[in-house]
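Side-chain atoms are counted along with the backbone in the values below, which use heavy atoms only and exclude waters and symmetry mates. Each ligand, and each atom within it, is numbered from 1 in the order the structure gives.
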Amino acid sequence: MGTKEDLRRIINRIDGRGYKAYKDIKGDYDFGPYRLVIDHVQGDPFAAPSRVRVRLPMERTGFPHDLWDKRVRRIAFCDYLARQFHRAIRRWSKGHRGMGKSGLIDIDVGGQEILERNAVLIDGTDLEVRFVVGLPAAGRTILGREALGIFFEEIPQVVNGSLFYRSIDQAGVRRHVDVAEDQEVMRDLLEEKGLVSFVAEGSVLPRRSGVDDRPLEAGAIPLRPPFELEVEMELPHRGRIKGMGIPKGVTLIAGGGFHGKSTLLTAIERGVYNHIPGDGREYVVTNRAAVKIRAEDGRRIEKVNISPFINNLPFGKDTVRFSTDNASGSTSQAANIMEALEVGAQVLMIDEDTSATNFMVRDERMQELVVKEKEPITPFVDKVRKLYADLGVSTILVMGGSGDYFEVADTVIMMDSYQPLCVTQQAKEIATKHASRRKDEGGDAFGEVTSRRPLSASFDPSRGKREVKIDAKGLRTILYGTTSIDLSYLEQLVDMSQTRAIGLMIHYYSEKYLHRSRSLREGMELVMRDVEQWGLDCLLPYKVGNLAMPRIFEVAGAINRMRSLKVE
Ligand code: ADP
Ligand code: MG
């Protein structure tokens with residue numbers, strides 16, 4: 001390890017030289033309270049910025065041990081520090097100056113969710129913070145004085161202002177960690193209370209806009225649980241909390257247009273993740289294996305058994321091993337369900353807004369006009385109960401447009417001016433009064449969920465001269481070799497750093513766990529186990545700080561959407 005004076009000397013020496021001379025600052029320097037590690041130096045001012053780490057003994061930071069003594073607390077604690085570091089950058093960094101990324105300092109932080117990420121880690125007894133620096137240049141000429149300012153003034157101030165217990169909001173960090181732990185406990189309590197989701201009293205569900213996930217500021221109506229669905233939980237930090245419990249089984253969310261149905265469902269979907277205090281949904285939790293399902297016409301499907309829903313296609317097309325390069329609304333929705341079940345979904349969440357109508361319902365008149373033999377689709381209404389009876393998979397469904405679901409629902413919630421009412425009783429009475437004469441087309445059983453074994457030829461990560469080239473382009477696209485994977489319809493993917501991790505996890509899977517005798521699910525579970533055990537770092541031979549943990553459903557979902565996927 002060098003001293004900080006060594007770094008100062010090198011920078012003074014290369015001042016005014018060509019950009020490539022920056023390579024000399026790569027290394028490990030003792031800055032007194034912390035170590036500065038420059039891992040990778042960018043080749044030019046426009047390239048991805050240089051990767052830098054700061055390490056210091058946890059003991060020196062002064063943070064009480066109980067803030068990071070459990071996995072969930074450690075994740076939340078590191079999440080908080082990344083946010084503090086980010087704020088300190090905004091306060092102390094002089095920001096962009098010069099060409100390209102010159103002068104930029106940045107750290108990967110989360111949005112409303114608290115995810116496991118590798119920007120801030122506790123590694124043994126050390127705290128490690130990973131961030132990037134755009135090494136400053138004018139044209140391609142090194143600006144040594146600016147670089148000295150970054151390493152000797154700005155970064156020390158940022159570190160000092162964010163990584164020590166004495167310098168941050170102590171109640172704030174504790175609250176962040178406690179709230180995350182409470183959410184984890186709530187999620188564990190769901191099972192014993194027979195619930196799939198819990199929405200606490202007072203939760204604020206609406207967001208600022210479709211592109212701004214922060215809570216609506218003005219005029220948001222906090223949730224009031226209907227007494228029929230009221231449930232209490234005892235939490236380690238917050239204590240007793242009351243809310244609306246959504247039981248296992250089939251739950252229908254009905255109500256007039258614009259009364260808050262989709263807003264409620266979206267909050268439930270996001271309840272698979274922990275949220276930051278102040279989000280409004282920090283006491284909304286959902287079963288970890290809950291998957292949003294929607295129609296996705298145009299997607300590719302590779303040998304998925306969609307026969308529980310689709311049979312007798314024209315020209316005898318196979319639906320037990322159904323493949324297409326251009327799925328219809330209904331076949332895509334059927335495949336999305338079967339693929340989710342294949343990797344272990346326990347709850348399906350469906351919104352009529354994003355569903356194929358002919359997949360959801362088929363009324364008695366249509367049954368008479370288009371006889372069963374001429375209709376390949378068995379509508380979801382005829383399968384939803386069997387899904388629960390045979391496989392134990394619950395469904396939460398937003399449906400304002402058809403009362404055909406009254407018969408099959410265990411619980412009916414009506415959204416009325418943004419408030420949920422429990423109307424199960426009325427719905428059942430109406431179903432009896434106006435008995436539907438439609439025929440159940442669902443057969444005796446749900447049908448089989450067939451597991452598949454991907455072939456290694458599906459996964460070619462090479463592009464041009466590079467043997468492995470995998471990038472995320474925004475939140476919703478992965479470039480895997482020359483294959484572009486479109487994740488636009490994986491609605492529970494929330495963070496671009498998850499997208500990056502998914503690309504790498506696909507590669508890790510194909511290198512390590514893809515085997516002729518192993519199903520997609522078995523392989524994926526091994527990948528998830530490794531990443532949970534060894535951390536996101538096991539995905540790359542060098543250290544980066546911009547990965548966040550995805551769920552198995554989104555990783556498998558990405559594989560299922562690869563246009564190159566081939567299964568046995
Ligand atoms: P629906 O699916 O029933 O048609 P949405 O969930 O799309 O209705 O909600 C309609 C509008 O109402 C949205 O703009 C949403 O942000 C807003 N909204 C939903 N819930 C609330 C609430 N609790 N307080 C204030 N506004 C809300
Ligand atoms: Mg809606």
- prompt: At a 4.0 angstrom heavy-atom cut-off, what protein residues surround ligand 1?
  reply: P206, L216, G219, A220, I221, G256, G257, F258, H259, G260, K261, S262, T263, Y418

message: Between Y283 and D182 (side chain of the first, backbone of the second, donor and acceptor by atom type, cut-off under 3.5 Å), is there such a pair?
response: no

query: Taking the side chain from D390 and the backbone from F446, do they hold a donor-acceptor pair closer than 3.5 Å?
result: yes

- line: Listed as residue and atom, the protein N/O/S atoms under 2.8 Å from the Mg ion (ligand 2) are S262 OG, D353 OD2

- request: Check each of R208, R207, R270, R214 against D279 using the salt bridge (charged side-chain N to carboxylate O under 4.0 Å, His left out) test, and report the only one that passes.
  value: R207

- prompt: Pick from K386, K383, R385, R362: which one makes a salt bridge (charged side-chain N to carboxylate O under 4.0 Å, His left out) with D440?
  reply: K386

Sidechain-backbone polar pair: S402 side chain, D404 backbone, donor-acceptor under 3.5 Å: yes

- prompt: Which residue, E113, E184, Q112, forms the side chain to side chain donor-acceptor pair (under 3.5 Å) with N274?
  reply: E184

query: Hey, are the side chains of R452 and V304 touching, using non-hydrogen atoms and a 4.5 Å cut-off?
result: yes

- request: Answer yes or no: is there a donor N or O on one side and an acceptor on the other, between the side chain of Q333 and the main chain of S355, under 3.5 Å?
  value: no

- request: Ignoring hydrogens and angles, tell me if any N or O in the side chain of E282 forms a donor-acceptor pair with the backbone of G280 under 3.5 Å.
  value: yes

